[in-house]
Amino acid sequence: MAQADKLTPREKDFSAWYVDLVQKAKLADYSDVKGCMVIRPNGYALWENIQRVLDGMFKETGHKNAYFPLLIPESYLKKEAEHVEGFNPQLAVVTHAGGAKLEEPYVIRPTSETIINRSFAKWIQSYRDLPLLINQWANVMRWEMRTRLFLRTTEFLWQEGHTCHETEEDAEQETRRMLEVYRRFAEDYMAMPVLAGQKSESEKFAGAVRTYSIEAMMQDKKALQAGTSHNLGQNFARAFETMFQGRDGKQHFVWQTSWGVSTRLIGGLIMTHSDDAGLVVPPKLASRHGVIIPIGRTPEERGPVLERAQALATDLRKAGLGVEVDDDDSKSPGWKYAEHELIGTCMRIELGPKDLAQNQCVMVRRDQRKKESVPLADAVATAQKMLDQMQRDLFAKAKAFRDSHTFEVNSYDELKQRADDGFLLAHWCVDPKCEKQIKDDTGITSRNRPFDLEQSPGRCIVCGKDSPGRLVFAKAY
RNA sequence: CGGGGCGUAGCGCAGCCUGGUAGCGCGCCUGCCUUGGGCGCAGGAAGUCGGAGGUUCGAAUCCUCUCGCCCCGACCA
């Protein structure tokens, strides 16, 4: 039975490992609805922590939460040409309600630019109403051919920020500001290093002028788009006549942005840090920081051990850590070790009669799994130190992995050869045709043009024409 | 939509070819015993065999239709 609960090793089959982990760590289940998943308490707790932190960041940047309808009149979507073209194949449409065919079908929102603009157009009259900074936490639906738990499901949870500005510059600044919030969140909380940069024309959001993204590398060297931020220009403003009277007394269209991250982040979290024993969660996003596993053969041994364990748990909780005592005596300590490694408890504390005799306990960090004896008097301080260090180590490890799998490639042959090696930095002439050819030939796509990459002109890797700089190319989720 | 796979107890599967009392492992419940890396023993509960139709004395098994899900491709956060 020990074998039965083990995950498929990453080396053997990364995607089987991922599916095993998601289900066995009780993060999510398949549901009876095609393409839709059930997010279980363990998985939802991660989402709640992500929400809590991000929501705080949005409040700090002055955004306010609101909620708009799930159903959008079909005609709204059609108002912005590129937008409807981009989303049409992915729409679920409600045609009947109340026992009758609807006059006009509703689409289930794939994103909310259109219906939100309907409101914005009513709310905004003057430049004094700007900037308008709104965020919505919601579910959206995009019909997918192929689904993958957390990474791509037909229904998913996300936040979508929508803002209106007086000038083009303000909108651009907002787009970049929120991308930076995402970058900070990914790196500081998820311990997931990302490349922030600009998407190519063909990879940008349907209806945007410019799209920026943060891109992370998973342990299988594939890229995950972890967040996007769009400068919408006046595209939606024109379609919905979202206008304001400017300082010059004339009517102007507002300049807009939108930006979002989704439950996909949970998939990124898993594929960045977890191992063959199970889930690894960065302490800053964990609810379950520690578990104390009491050990004892007889009631005489167990009594004092349990008492000490409870006292220790109380101390750790006072220090702000999520800590439980696993006192279920129908399970052996070994079983509990394996179980807590599987579900991603950040650290475990073993406490038995031998430890009590020496006034110590044994602490084990989830990411390293090395036993360390710690005097009980230092337990709280040591636990905090270990968790801090774990947070830093996870980021450093992920960054080292990404950096050692990032390469400059200078010929098309080299790019083809290295297609599975990770992030490839290559010159590209900005012609979508060359980008398309790379995709058709190798299956890899352009991720973004990283801001932090020092750029110098060169020659397009496909056609040899002038290139303004390098893009990151990679196989992507 | 093309190719492949699978629907039998909560989960994982066997049984189907060659029709005849629906099984195994894990989990679950009860009791005992154990506890420093997924303990052991005994007893127990639990199944419209995805659905519909057909063949047959008799169908999980054979035939027809159908529904669903998963994997691989085209599309995508």
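All values reported here derive from a predicted model rather than from experimental measurement. Labels below follow one simple rule: chain letters A, B, ... track the order of the sequence lines, proteins then strands, and each chain is numbered from 1.
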Base, sugar-phosphate, or nothing: which does [X] touch, judged by heavy atoms less than 4.0 Å apart?
X	answer
A:Phe156	base
A:Glu339	base
A:Thr228	nothing
A:Leu151	base
A:Val19	nothing
A:Glu341	base
A:Arg148	nothing
A:Thr153	base

Length of the line joining [X]:[atom1] and [N]:[atom2], which is rounded to integer Å:
X	N	atom1	atom2	value
A:Tyr18	B:C71	OH	C1'	16 Å
A:Met37	B:G68	CE	P	21 Å
A:Ile214	B:A77	CD1	C1'	12 Å
A:Arg348	B:G38	CZ	C1'	12 Å
A:Asp20	B:G38	CG	P	21 Å
A:Trp335	B:C39	CH2	C1'	13 Å
A:Arg447	B:A77	CZ	C1'	10 Å
A:Arg109	B:A77	CZ	P	18 Å

Between [M] and [N], how far apart are the [atom1] atoms? Round to whole Å, please.
N	M	atom1	value
B:C63	B:U55	P	15 Å
B:U8	B:G47	P	15 Å
B:G51	B:A42	P	35 Å
B:A59	B:A52	C1'	15 Å
B:U61	B:G20	P	10 Å
B:A22	B:C13	C1'	14 Å

Legend entry - Any donor-acceptor pair under 3.5 Å from A:Gln159 side chain to A:Val261 backbone: yes
Sub-3.5 Å pairs of nitrogen or oxygen atoms, protein against nucleotides 29-35 of chain B:
from: B:U35; atom 1: N3; to: A:Arg302; atom 2: NH1; distance (Å): 3.4

So which protein nitrogen or oxygen atoms get under 3.5 Å of nucleotides 73-75 of chain B's nitrogens or oxygens?
from: B:G73; atom 1: OP2; to: A:Arg146; atom 2: NH1; distance (Å): 2.9

Legend entry - For A:Lys354, all residues meeting salt bridge (charged side-chain N to carboxylate O under 4.0 Å, His left out), sequence neighbours excluded: none
Legend entry - Sequence-distant partners of A:Asp276, side chain to side chain contact (heavy atoms under 4.5 Å, CB included), two or more places apart: A:Pro9, A:Arg10, A:Trp17
Legend entry - side chain to side chain contact (heavy atoms under 4.5 Å, CB included) partners of A:Ala381, counting only residues at least two apart: none
Inset, instruction - Give every residue pair that meets the ring pair (Phe, Tyr, Trp, His ring centres under 6.0 Å) criterion with at least one member in residues 281-314 of chain A, sequence neighbours excluded. - result: none
Inset, instruction - Would you list the pairs meeting salt bridge (charged side-chain N to carboxylate O under 4.0 Å, His left out) in which at least one residue belongs to residues 136-145 of chain A, sequence neighbours left out? - result: A:Glu144-A:Arg152
Inset, instruction - Check each of A:Glu350, A:Glu341, A:Lys331, A:Arg348 against A:Lys336 using the side chain to side chain contact (heavy atoms under 4.5 Å, CB included) test, and report the only one that passes. - result: A:Lys331
Inset, instruction - Tell which nucleotide pairs with B:C65, taking only Watson-Crick or G-U wobble pairs whose two distances are both under 3.5 angstrom. - result: B:G51
Inset, instruction - Tell me the partner of B:G12, counting only Watson-Crick (N1-N3 plus N6-O4 or O6-N4) or G-U wobble (N1-O2 and O6-N3) with both under 3.5 Å; none if nothing fits. - result: B:C24
Which side-chain N or O atoms in residues 299-310 of chain A pair as donor and acceptor under 3.5 Å with protein atoms at least two apart or in another chain?
from: A:Glu300; atom 1: OE1; to: A:Thr298; atom 2: OG1; distance (Å): 3.4
from: A:Glu301; atom 1: OE1; to: A:Arg297; atom 2: N; distance (Å): 2.6

Legend entry - Residue pairs involving residues 36-50 of chain A (criterion side-chain hydrogen bond (donor to acceptor under 3.5 Å, both in side chains); sequence neighbours excluded): A:Asn42-A:Arg288, A:Asn49-A:Arg52, A:Asn49-A:Ser287
Inset, instruction - For the pair A:Arg365 and A:Glu372, find out whether any cationic side-chain nitrogen is under 4.0 Å from an anionic carboxylate oxygen. - result: no
Legend entry - Aromatic ring pairing A:Phe240/A:Phe236, orientation class (parallel under 30°, perpendicular over 60°, tilted between): parallel
